[in-house]
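Naming convention: chains lettered A, B, ... in sequence-line order (proteins, then strands); numbering from 1 in each chain.
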There are 2 protein chains.
Amino acid sequence: MEEQIIDVLKKSQLSVTDSRRKILELFLQSDSAMAHHDIEIKAGEKFDRVTVYRTLQAFLDKGIIHTIPTPDNSVKYALCKDNCEQGHHHDDHIHFICKICGITTCLDEVHVPEIKLPRGYKTQQTEVVVSGICKECS
Amino acid sequence: MEEQIIDVLKKSQLSVTDSRRKILELFLQSDSAMAHHDIEIKAGEKFDRVTVYRTLQAFLDKGIIHTIPTPDNSVKYALCKDNCEQGHHHDDHIHFICKICGITTCLDEVHVPEIKLPRGYKTQQTEVVVSGICKECS
DNA sequence: CATATTTTGCAACACTGTTGCAAAATGTAG
DNA sequence: CTACATTTTGCAACAGTGTTGCAAAATATG
Ligand SMILES: [Zn+2]
Ligand SMILES: [Zn+2]
Ligand SMILES: [Zn+2]
Ligand SMILES: [Zn+2]
């Protein structure tokens, strides 16, 4: 794990610091998306709020993580499993939010559909967020 | 217009006040979705911030408007054109955000597709937000 | 018009996210 | 390992967003 973490950071040309190691570890251990606040808590109050913001921004820039917009207006973050690099994300999956347990997950195996738009509109990106009841809660 | 506004408010069992009239008028005049801040500005500094929040919340509760989640985490609001009542929204359309002019619109004529989820997941609601270039900008 | 109810504005507050800057940590090369 | 240049961190301060309690004002009702 520790090896993998350092490997990812170096490949992204990020210097290896405590906060980056710890936060990347959280992502690797978690199977669901995390809000900024979750990360702050889980990091164990060891790091300043500002450092968490900057670390997440760095991870986003490097394509290590991606954001998930939620209906309640709280951005969540999850690891990019596809080969996203330097801000060019190739994620093509939908996201699921459970209304019972509140968990947000990447459904990597479910691809976003192609949406046919009216004449004149050009699609660049499609975000699909499905809410309902997850596997565990049903 | 004034008639229509009072009609909508009364049908929703909302008392007719200046702020509700003004804000509902803004929605009826606008053909794109508005952020809270837009509404605050357009209402002409006549109303307190808190009043705008409470008015929007009342409109949401009554099914007069609906929210649109955006990737940059700024909720926008738009009129419900379908017959949504008392929080039971029947909107079934997708939303479009132009990356050039920044406008967010309801594409009422484009319905959300059915997404087939893995075994165990139950869908309650599907949000689709497409980003790209709008009719005007292309 | 008089009264009960609802809504508004204000003050205060909590939370979220950003910036500038000095101190600390990291990477690099001898 | 050490010295040095570069990057990152923590802190303080700040702007923006959203919420609550409460008294004053507006509205609905008869
Ligand atoms: Zn669940
Ligand atoms: Zn994802
Ligand atoms: Zn446009
Ligand atoms: Zn809409």
Side-chain angles (χ1 to χ4, degrees), chain A residues 2-3 5-26 33-62 64-65 67-77 86 102 104, chain B residues 2-3 5-26 33-62 64-65 67-77 86 102 104:
Chain A
E2 190 60 19
E3 254 179 58
I5 289 170
I6 292 174
D7 191 52
V8 170
L9 290 177
K10 289 207 164 152
K11 271 190 181 148
S12 301
Q13 296 169 296
L14 290 171
S15 47
V16 180
T17 66
D18 287 351
S19 57
R20 289 176 181 163
R21 275 214 299 254
K22 179 62 182 170
I23 293 175
L24 184 48
E25 186 181 34
L26 289 178
M34 293 182 288
H36 177 96
H37 190 251
D38 301 332
I39 297 167
E40 234 179 283
I41 302 296
K42 285 187 187 165
E45 294 159 11
K46 272 188 64 184
F47 307 105
D48 193 81
R49 246 161 28 86
V50 178
T51 300
V52 177
Y53 280 110
R54 290 195 272 225
T55 302
L56 291 174
Q57 190 56 55
F59 286 2
L60 281 175
D61 290 346
K62 298 298 184 178
I64 298 173
I65 59 177
T67 59
I68 305 163
T70 61
D72 72 326
N73 203 25
S74 71
V75 169
K76 301 221 171 173
Y77 302 87
Q86 306 285 45
T104 302
Chain B
E2 189 61 18
E3 254 180 57
I5 288 170
I6 292 174
D7 191 53
V8 170
L9 290 177
K10 289 207 165 151
K11 271 191 182 149
S12 301
Q13 296 169 295
L14 289 171
S15 46
V16 180
T17 66
D18 286 353
S19 57
R20 289 176 182 165
R21 275 213 301 254
K22 179 63 182 169
I23 293 176
L24 185 48
E25 187 182 35
L26 289 178
M34 292 182 288
H36 176 96
H37 191 248
D38 301 332
I39 298 167
E40 234 180 285
I41 302 296
K42 285 187 186 164
E45 293 159 13
K46 272 189 64 184
F47 307 106
D48 193 80
R49 246 161 28 86
V50 178
T51 301
V52 177
Y53 280 110
R54 290 195 272 226
T55 303
L56 291 174
Q57 189 56 53
F59 287 2
L60 281 175
D61 291 345
K62 298 298 186 180
I64 298 173
I65 59 176
T67 59
I68 304 162
T70 61
D72 72 325
N73 203 26
S74 71
V75 168
K76 301 222 170 172
Y77 303 87
Q86 307 285 45
T104 301

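- Ranked by how close their nearest DNA chain D nucleotide is to the 5' end, B:D18 and A:S19 are led by A:S19.
- In this structure, B:T17 reaches the C:dT8 phosphate: one of its side-chain N or O atoms is under 4.0 Å from OP1 or OP2.
- In this structure, A:K46 reaches the sugar-phosphate backbone alone: every heavy-atom distance under 4.0 Å involves primed, P, OP1 or OP2 atoms, never a base.
- A straight line from CG of B:D48 to C1' of D:dA25 spans 14 Å, rounded to a whole angstrom.
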side-chain contact (heavy atoms from CB on, under 4.5 Å) evaluation trace for A:K46 with A:K22: CA-CA 10 Å; A:K46 272 188 64 184; A:K22 179 62 182 170; over 6 Å; no
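- Atom CG of A:L9 and atom P of D:dT7 are 16 Å apart (whole Å).
- DNA chain D is contacted by both A:V52 and B:H36; A:V52 maps to the nucleotide lying nearer its 5′ end (nearest heavy atom per residue).
- C:dA25 atom P lies 15 Å from atom CZ of A:R20, rounded to whole Å.
- Residue-level contact check: A:R49 touches the bases, meaning some heavy atom is under 4.0 Å from a base atom.
- Counting non-hydrogen atoms under 4.0 angstrom, B:R54 reaches a base of the nucleic acid.
- Proximity of a side-chain donor or acceptor of B:R20 to a complementary backbone N or O of B:T55 within less than 3.5 Å is not detected.
- The CD-C1' distance, from B:Q57 to D:dT17, rounds to 15 Å in whole Å.
- Out of D:dT17, C:dC10, C:dT8, the shortest distance to the side chain of B:V50 is found at C:dC10.
- The shortest distance between the side-chain N/O atoms of B:T51 and the OP1/OP2 oxygens of C:dG9 is below 4.0 Å.
- What separates CZ of A:R21 from P of C:dG27 is a distance of 9 Å, to the nearest Å.
- In terms of heavy-atom proximity, B:K76 sits nearest to B:A33 at CB-CB, 3.9 Å.
- Aromatic ring centroids of A:Y77 and A:H36 lie 6.0 Å or more apart.
- Taking atom CG on B:D61 and atom P on C:dT7, their separation rounds to 11 Å, with Å as the unit.
- Nearest to the side chain of B:S15, among C:dT6, D:dT17, C:dC10, sits C:dT6.
- Between B:D38 atom CG and D:dT17 atom C1' there is a gap of 14 Å when expressed in whole angstrom units.
- The NZ atom of B:K10 sits 7 Å away from the P atom of D:dA28 (whole-angstrom rounding).
- Here the side chains of B:K10 and B:I6 are in contact, with some heavy-atom distance below 4.5 Å.
- Relative to the side chain of A:V16, the nucleotides C:dC10, C:dG27, D:dA28 differ in distance, and C:dG27 lies closest.
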